[in-house]
Structure formats: structure tokens, C-alpha cells
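One structure is given here, and the rest of the page talks about it.
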Number of protein chains: 2
Amino acid sequence: MASVSIRDVAHRAGVSVGTVSNVLNRPDAVSPESAMRVQEAIDALGYVRNEAARKLRQGISATVGFVVLDGQNPYYNDVVRGASDEATQRGIAILFGDSAEEPVRERMYIDLFEEHQVRGLLVAPFGDVFSRLERLRERGVPAVLVGRYSGQNRFSSVSVDNISGGRMAVEHLVDVGRRRIAFVGGPLELREVTDRLAGARIAAEDAGNVGIEVVPTNATTVEEGAAAGLRLLDRPARERPDAIFAANDLLALGVLQALVEDGRMRVPEEIALIGFDDIAFAAAAAVPLTSLRQPSSTIGKTALRILLEEADDPGLIPRQTVFQPELIVRRSTGRPT
Amino acid sequence: MASVSIRDVAHRAGVSVGTVSNVLNRPDAVSPESAMRVQEAIDALGYVRNEAARKLRQGISATVGFVVLDGQNPYYNDVVRGASDEATQRGIAILFGDSAEEPVRERMYIDLFEEHQVRGLLVAPFGDVFSRLERLRERGVPAVLVGRYSGQNRFSSVSVDNISGGRMAVEHLVDVGRRRIAFVGGPLELREVTDRLAGARIAAEDAGNVGIEVVPTNATTVEEGAAAGLRLLDRPARERPDAIFAANDLLALGVLQALVEDGRMRVPEEIALIGFDDIAFAAAAAVPLTSLRQPSSTIGKTALRILLEEADDPGLIPRQTVFQPELIVRRSTGRPT
DNA sequence: TGCTACCCTTGAATCGATTCAACTCGTTTC
DNA sequence: GAAACGAGTTGAATCGATTCAAGGGTAGCA
């Protein structure tokens, strides 16, 4: 463990530690020649700054935590990529935690990240983490919610307009002549799921004579989607819907997989299918999937930016940033025969 | 910033800081009643340990860095999930970096993580990072390569047997009656790509009368796969292959998308298609994709375990852990008409 | 009673970067 | 020539958890 400290650098360069620190942090407060000598010493010794010491002294850190709801979902990977791009540009590292839709893990990560003195927290919340987040905020550690807004607007959030998205989805289905719509999604504790459903209901009401039926799932995964698809297929033919709005693309792909495998209900002829998120695989699906696109990496970038602003100025009032989703029409919602 | 330190806890519990530290780290060296009083104080004050201070003092940290080649690839997400599971169980946090197949970013993350005093580094390497990793190792920070083995076995690695996988892929294609095989993959600097190709060539030679042609790509993405697919379609019909082995599922899905869209070459009738990794979306593809499954989350878990062992005992000799891939047959490699 | 052994507890020293009051030295101003 | 000023530099103090030599107390034993 041949650890090189600022002291070693100072010694080799023949200056004091204060000067070395200045070279690192306030280069213009130092004479060019000192700067050069110090730089040489740094290179020669292979000095690397000790973040722990810096963090300890300064009280704030160059680390941000990101607790993701479901790391398997490509949507979140895009968001992470966006946040991570932005972070890296500012020399900030991201601590990563995948809560896998389990409240226990979610809380564990939040605690872990707190110990690590993160500057702030990006959270795609699943369980009720707000009391924990409140506590963190009292200590000067802000949080920004990603992909959903907080119930009481107690925290800033960056998300897409899920109600409007749900509405667009059903409006589109109605446009292509569908009336009996199944909403596949869950758990209903997920705010984005209920919002998309709420939007769907509004559109159904506006259209009149359109029914929305909820087919609940336990998670937003391909497997759950496939299971829901099978349940629909099990019904007598005339009780089946003529369109499915899945709460996200993972579910939609699962449904699609079940339908294609089974073969009795062809997409889009007998049944139309629309998803949400427009993940990369939606276009490559068995039947290319109509979906509502989210500006995912922009969401990540924006969330990180807001987080850092709040970290710098704790007085800021929480604000909700909402992007509009965009309808991407593909084959899965072609007109019925 | 109402920061609560171990000193405050000690004061409230009426004991010394040393005792508090012992409660936290060596509970059996402390009397039950002290432990209880300290615990109460901790709860009452909402004390959270300051990792920075601990790290500084101990010299080692409870953080591990993971530099991923391509965060968009579900395969790596599975690996990350595995590593992350294992890490969390041990109270270790993971710093996450997505190099997006860019050597500059890759190096940046390694440097950033070094500043953060990571205990070790998991790396899915793209560019040549070995000299940097060597330097880190000299400082007691080990690295374990994920998803590929190091050229000179200078580092431990956890991967799948890509040569054997490539072989299995082509053997399977030959089994279902294919002879003119296109290998879609690249860049050829990626060791796993060339290994899979090498395996393919071995199988072709063993079979005799089987040709392998390389269709290079610039990255292992859906888009590049689609582009490669279009290039194949552009050829006169008789110059087209009767099977495609894509270096990974992303490429395979891209190829599939192009073929299905175009419609001239049906999968699997006119052309068979096999991928690698067996990501979750392979099963949900336009034509369910035959693929070679990797035990991805096990790879992540194992890599982390080895990394920590090496961090504890720097004398360990690097070892290569290789898992066998498993052939998952689906519709995309049905028999030709 | 004296002695040893054992169990807990104590608190100063430590890790390394940053900060800042104090200082040096050369230059400018009146 | 004295005073004021500015630019650079210095090094001790600081952040908070851990460590460990030293010491206090109690029980056990002769």
C-alpha cells in the first residue's frame, strides 16, 4: 500500500502542503513555477487525491446515489446513462443501487448511501421512502424523484406526463377502431401505473362507449406480462378485449410473446397492443410495438442537474419537471380486419 | 447541516467515543448495558456513520467500482444485478460507470474510482486499460475482469467460455442443415467477439464443407445489427448466407428486425439466426431467438466475491473462472424448407 | 490481604486534504 | 522613507471514526 499523500508531493516539490492543495483547487492563487514544480511531483509520484479525506474535511462529497426501481428495465438504464453522463462531466461519481421493486432493498440502499455522505439522491421510488428522504433532507441531502412525481410535491421530480400518456394511448386505440380495452399493469401502488390508467379512463370517457378493464399484474416485467396475456387467452373468445394497453413495454412484450406463441389472437388483426416507454426492443419485437416514448436520458440528465442545484442551495422550493411523451406508432396497433 | 458525530452519541450515552466505536464494530467487546445505552443514543440522535472518516482512517473502503462496457445491454445489467446483490449483502456499495464502448470514458471512470479509494474494480474492459489497472494493483487495489479474460492472465477474470459457445452455435446451425454461415460481429478488438468467431471456425472446420464469412460491425448494438442485416439483403439472392451467427443478442435482434421488416428472407425458413447471451428479450423477439445463455448474475456475484478475496489478500494468484454457456433453442433456428 | 486475570472503558493519536490567519517579500504611493 | 498593498506561501487546526496503550474494577484464588 504505497500510498502517496499530499505531504509527499509537497516535500518533493519543496513547497508546503497548502500550496499543493492550492495547485489542485485554486490554480490561479499560485505562481506558475510553483504550479509546475508541484505538477511534476504529482506526475512523478503518481499522486491521486484521496476523496475520503477531502470529503471528511469539506463535509460534502462528489458522489451521488441513484436508487433504481428495476435495473432490468432498459428504460431505467437509459435514465441512468443520462444522469451518469451529466455527472461524469462534473467529476461526480454515481453510487448505484437496484431495488428490484423490493422496499427492503430500497431502504437499505438509501441508508448505505447516506453513510457514504452522498451529495444527494436520485430515486425511482417504489415503497414508501418519503420519511427517510425527509430525514436526509433535514441533514442537507436533497433527493430528486425520477420517473414519477411525489404525492405531496415535497420533493422535486422529473418525469413524463403519465396521465397525458395514458390518454394518448387510448385515444390512439380508439382512433384505430378499438372499444374494449384491457389495461395490463400493476402493482397499483406504483404511481406511474395508476396515472397511466387514469389517463386511459379519461380518454375512454371522452370517446364514450369505450370500456376499460384492468388486468392487474404483480410487477412490471416480461414474465408478468406473459402471464396476463395467458389469462386473457383463457377466456371465451367473445369476452376478450380488442385492444391492450400495457403499463410499460416490458409488460407489453410479455403479452405479445404469449399472444404470438398461442396464435389464436393475432396482433394487430384481432387485438391491438400498445406499450409505454419505447425501449429499444419495442421496435424489434415480434410485432413492432406501438409505444409512448419517454425522453429517458434527458430525464436522467435533468434530474441530476436539479439535484445538484438543490444540494448547493438547500432553500430551493421543490419543483416538478414534466416532459410530454410522444406516440410512436408501429404495427401492433394496425387497423382491425 | 445538523451532523451527528460519534462524539455526540458518546456524550449522550455518557460513555467515551472508543466505546461507541466498539459498539459499532466489535459488539462483543462491550458490556450489554453500555451497548444498550449507546444504541438508544444512536436512535435518538439519528446517528449515521460517516464513511469518509472511516475510510480515511482505515485506508480501505466499503466501495467497489464497476466499469461496464455497455450499459444499454441487458446482459450487463444482469451481471451488475448479481454483483450488486452480493455487494449489498456485505454492506458494500457499488460505484457505477458506463463506458459506452469509449476508451476515454473508461479511463476516466477508473481514475475517478481510484480517487474514491475503491476497494477494488470490476471491469468489462473495452480499450486497453491494463497499464492503469496494473498501477492500481500496485497500490493494493485489485481488479477483476468481467465477461472476458485478460490476454496475459495478469488479472483474475470471470467469463463464459466464448470459444466453446461459438462452437456450439455453429454446430447447432450445421445440425439444422445450414452451410453458408455469416458471422455478424465487431469491433474485432473485443476479445469475446473474436473468441466466439474462433469457436465458430473450429466447428465449421470440424463439420467440413461449411463456410464462415465475417460481416463486421462497429459496435454490438441493435442498430449495427440492423445495418448488417440490410447489407446482407442488398446482395443478390444466391450470395446470401443460409444462417447468421450474431456475436450477441443485441446484434441478432437488429438483424432480425431488418429481415422481418424487409420480408424477402424469412426466419428461419430461408435463413436461420442465432445470438449470444440469451437476454430476456431474445424470447420475446419477432421470431423467438435461439441463443447461448450465460449465467450472467452468477458471473457478477462470482466476480465480486473474487474481487473481495483479492482485496483482502493481495498475494493471491490471478485465476480465470470460466462458465459454460448453454444452448437455448427457439424458433429462429428451425429447419430450412 | 495480596496478587493475578479478565473484562471494559478511556482518550489521545492518527488518517490526508482543506482552510485560513499569519507572514514574507517586493512594489507602489504619498 | 514610511506606509500600504498585493501576491504567494506557510503550517497548524480541523473534519469524524478507529485504534490501542493504559488504566479501572471486579472476581477468583491462595
Side-chain angles (χ1 to χ4, degrees), chain A residues 1-39 41-42 45-63 91 112 114-119 139-141, chain B residues 1-39 41-42 45-63 91 114-119 139-140:
Chain A
M1 189 88 59
S3 182
V4 181
S5 86
I6 202 174
R7 206 152 264 114
D8 305 317
V9 174
H11 185 253
R12 186 179 227 267
V15 298
S16 75
V17 293
T19 301
V20 177
S21 175
N22 280 337
V23 170
L24 262 31
N25 303 303
R26 270 175 265 109
D28 20 291
V30 130
S31 76
E33 66 211 296
S34 295
M36 215 194 56
R37 305 244 313 276
V38 168
Q39 195 54 56
I42 286 177
L45 298 173
Y47 166 77
V48 172
R49 182 196 258 143
N50 184 329
E51 249 291 310
R54 159 177 252 219
K55 206 186 277 191
L56 173 59
R57 180 62 233 257
Q58 300 208 132
I60 63 161
S61 79
T63 317
L112 187 60
E114 186 181 4
E115 287 190 5
H116 280 261
Q117 259 67 45
V118 292
R119 183 99 161 263
R139 303 207 170 142
V141 181
Chain B
M1 186 89 60
S3 183
V4 180
S5 85
I6 202 174
R7 204 154 267 113
D8 304 318
V9 174
H11 185 253
R12 186 179 229 266
V15 298
S16 75
V17 293
T19 300
V20 176
S21 175
N22 280 337
V23 171
L24 260 33
N25 303 303
R26 272 176 264 108
D28 20 290
V30 129
S31 74
E33 66 209 297
S34 295
M36 216 194 57
R37 307 243 314 276
V38 168
Q39 195 55 54
I42 287 178
L45 298 171
Y47 166 77
V48 172
R49 180 196 257 143
N50 183 329
E51 249 293 309
R54 157 179 251 212
K55 204 186 277 190
L56 174 58
R57 179 62 232 258
Q58 299 207 129
I60 63 163
S61 78
T63 318
E114 185 181 4
E115 287 188 5
H116 281 259
Q117 259 68 44
V118 292
R119 181 99 162 263
R139 303 208 171 140

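Residue numbers begin at 1 in each chain, while the letters A, B, ... track the order of the sequences. From a predicted model like this one, the values you see are computed outputs, not experimental measurements.
- Dashed line: the shortest gap from a side-chain N or O of Gln58(A) to OP1 or OP2 of dA17(C) is not under 4.0 Å.
- A distance-only check finds no donor-acceptor pair linking the side chain of Arg49(A) to the backbone of Glu115(B) [under 3.5 Å].
- For the atom pair CZ (Arg54(A)) and CG (Asn25(A)), the distance works out to 5.0 Å, reported to the nearest 0.5 Å.
- In this structure, Ser5(A) reaches the sugar-phosphate backbone alone: every heavy-atom distance under 4.0 Å involves primed, P, OP1 or OP2 atoms, never a base.
- Distance Asn25(A) CG to dG8(D) P: 17 Å, rounded to the nearest Å.
- A distance of 11.5 Å separates CD1 of Ile42(B) from CG of Asp8(B), quoted to the nearest 0.5 Å.
- Remark: P of dG16(C) and CG of Asp8(A) are 8 Å apart, rounded to the nearest angstrom.
- With DNA chain D read from its 5' end, the first of the two nearest nucleotides for Ser31(A) and Arg7(A) is the one closest to Ser31(A).
- Here Val20(A) lies out of heavy-atom contact (under 4.0 Å) with every strand.
- For the atom pair Asn50(A) CG and Lys55(B) NZ, the distance stands at 8.5 Å (nearest 0.5 Å).
- Under 4.0 angstrom from either OP1 or OP2 of dC8(C) there lies no side-chain N or O belonging to Ser34(B).
- One interatomic measurement links the two molecules: CZ of Arg57(A) to P of dG16(D), which rounds to 10 Å at whole-angstrom precision.
- Taking atom CD1 of residue Ile6(A) and atom P of nucleotide dT9(D), one finds them 14 Å apart after rounding to whole Å.
- When distances run from any side-chain atom of Leu56(B) to the nucleotides dT19(C), dC15(C), dT18(C), the shortest one goes to dC15(C).
- Nucleotide dA17(C) holds its C1' atom 14 Å from the NE2 atom of His116(B), rounded to whole Å.
- In this structure, CZ of Arg26(B) is placed 12 Å from C1' of dA17(D), rounded to the nearest angstrom.
- For Ser21(B), the side-chain atoms get nearest to dT18(D) when compared with the rest of dT19(C), dT18(D), dT9(C).
- For the atom pair CZ (Arg7(A)) and OG (Ser16(A)), the distance works out to 10.5 Å, reported to the nearest 0.5 Å.
- For the pair Ala35(B) and Asn22(A), nearest-nucleotide mapping onto DNA chain C gives the more 5' position to Ala35(B).
- Across all strands, Val30(A) comes closer than 4.0 Å only to sugar-phosphate atoms, never to a base (heavy-atom distances).
- Taken from OG in Ser61(A) to CD in Glu51(B), the straight-line distance is 11.5 Å, to the nearest 0.5 Å.
- Of all the residues in residues 46-55 of chain B, not one reaches under 4.0 Å from DNA chain C with any non-hydrogen atom.
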